[in-house]
Amino acid sequence: MLILGIESSCDDTALALIEENNSNIKVIGSITSSQIPIHALFGGIVPELASREHARLIAPLFDKLLTECQIKLKQIDYIAVTRGPGLLGSLLVGVAFAKSLSLANNIPIIGINHLHAHLMVAGLENNLTFPSIGLLVSGGHTHLFAMHSPINMQVLGKTLDDAAGEAGDKFGKMLGLPYPGGAYLDKLGQLGQIHDIFPRPYIKNNNLDFSFSGLKTAGSAFLEANPSAVLPTLKIGEKYDELFFENAPQITKDGAASYLNAIAQTLKIKTERAIKSLVEQNIYPENLVVAGGVAANSFVQNTMAEFAKSHKIKLIIPKNQLCTDNGVMTAYHGLLLAKMGLKHDLKLTAIPRGKLIPNDYM
Ligand code: KG4
Ligand code: ZN
């Protein structure tokens, strides 16, 4: 079975082809076009520009993928497309493109939950058994899931305001780093010392939700008290390279390390609480999956590795290209659902962030 995956939920236009042959799954090709250079000019994602870019790029990228993989349209057996959650205008481009391919070529279509796909792709290169616990940490989402099967994913908790990635990006912006600042903050933090100067936000409760707005406020207060931590703007010819990070003030490096550690510890505390609540219901998670762009963060990775070791649970973090938005995860989750005999028809709708995604497979 050859599956096309289409992802356009945020600021990446991504397509991929994966094939299953006698239970052997192979990525035939994957293409991603990032819109970061456009949105960086505005310091964050501009939804209208994002959908226009998807509309401009999706058909040429599809042609490029088929040409590079030497695949003909009629060879595709299934189309999997991200239906939500995400920016509605962006999702609509991918869903409309998928529907037109489906209608014109009589190919079955299936709508994919982007959050489920982020976590399920952990099974592409690892033995993902169920039940598992899933922590999805990206620029737009911070969710804890009990993963019971590819179609049974139970939300245990989620962020009430900013996502973990957003909290990092906003502190990065306050420090003077370009958007998105998360990866730069990580580079700075790796050169710094952790001090206990930031709160682990929203943990003094019994629930599994997150709230990172308090941490952001603490970040702003830290910079007010330590203005020398704010980085100078780049001089002509200067780049955000190793030298730039090495030359940054120690207070900036320590601030980055302490801030990222506060995020990682908060994620750990709530993950530990989630596992405990499942065990109390006699559900014993076999793996801890950590996915999404923030799973690439070294503080999150180290904290979760230590946590998994001490709790004797297997940690699965998909490789970086599969952690950030990509078409492979959409195609792979589509494959899992197609094998269960599920699909949608042309009534498939796109669902924006904050709205419940219906279980309306056929
Ligand atoms: O999953 P993703 O590519 O896109 C979505 O938001 O869906 O995640 C992007 C987020 C951004 O907030 C980015 O700053 C963050 O992941 N990120 C990182 C690192 N790499 C990416 N944050 C901290 N450390 C990193 N190494
Ligand atoms: Zn995502």
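Whatever order the structure lists them in is the order used to number ligands and atoms, beginning at 1. Values below: every heavy atom of this structure, side chains too, minus hydrogens, waters and symmetry copies.
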Using a strict threshold of under 4.0 Å (side-chain N to carboxylate O), is an ion pair present between Lys239 and Asp241?
no

For the pair Tyr361 and His344, name the ring-plane relationship: parallel under 30°, tilted 30 to 60°, perpendicular over 60°.
tilted

Indicate yes or no: does an N/O atom of Gly292 lie under 3.5 Å from an N/O atom of ligand 1?
no

Considering non-hydrogen atoms of the protein only, which is the closest contact for atom 15 (C) of ligand 1, and what is the distance?
Val294 CG2, 4.0 Å

Is the shortest distance from a Lys or Arg side-chain nitrogen in Lys276 or Glu272 to a carboxylate oxygen in the other one below 4.0 Å?
no

If you stand at the Zn ion (ligand 2) and look out to OD1 of Asp325 and NE2 of His114, what angle do those two lines make, to 10°?
100°

Got His333 and His118 here, is their nearest side-chain heavy-atom distance under 4.5 Å?
no

Considering distance alone, does some N or O of Asp186 sit under 3.5 Å from an N or O of ligand 1?
yes

With backbone taken as N, CA, C and O and side chain as the heavy atoms from C-beta onward, which portion of Asp169 lies under 4.0 Å from ligand 1: side chain, backbone, both, or neither?
side chain

One finds that the ligand 1 atoms under 4.0 Å from a non-hydrogen atom of Gly165 are 12 (O)

Using a strict threshold of under 4.0 Å (side-chain N to carboxylate O), is an ion pair present between Lys64 and Glu68?
yes

For the Zn ion (ligand 2), does an N/O/S atom of His118 lie at less than 2.8 Å?
yes

Tell me whether the Zn ion (ligand 2) has Cys10 as a neighbour, meaning an N, O or S atom of it below 2.8 Å.
no

Using a 4.0 Å cutoff against the non-hydrogen atoms of Pro180, which atoms of ligand 1 qualify?
14 (O)

Side-chain ion pair, Lys216 and Glu166, N-O less than 4.0 Å
no

With a 6.0 Å cut-off (strictly less than), is the heavy-atom count around CG of Asn106, excluding the residue itself, greater than 12?
no

Proximal atoms of ligand 1 relative to Ala296 (non-hydrogen, under 4.0 Å):
26 (N)

Just heavy atoms, cut-off under 4.0 Å: does Asn297 contact ligand 1 by side chain, backbone, both, or neither?
both

Which of the ligand 1 atoms, numbered from 1, are nearer than 4.0 Å to a heavy atom of Gly139
5 (C), 6 (O), 8 (O), 9 (C), 10 (C), 12 (O)

Looking at ligand 1, does any of its N/O atoms fall within less than 3.5 Å of an N/O of Thr324?
no

For a 4.5 angstrom cut-off between non-hydrogen side-chain atoms, does Tyr284 reach Pro131?
no

Ala183 heavy atom under 4.0 Å from ligand 1
yes

NZ/NE/NH1/NH2 to OD/OE distance under 4.0 Å, Arg83 and Asp360
yes

Heavy-atom nearest neighbour in the protein, as seen from atom 21 (C) of ligand 1, with distance rounded to 0.1 Å
Gly293 O, 3.4 Å

Output the list of atoms in ligand 1 that are nearer than 4.0 Å to some heavy atom of Gly140, sorted by atom number.
6 (O)

Parallel, tilted or perpendicular: which one describes the rings of Tyr240 and Phe244, with boundaries at 30° and 60°?
perpendicular

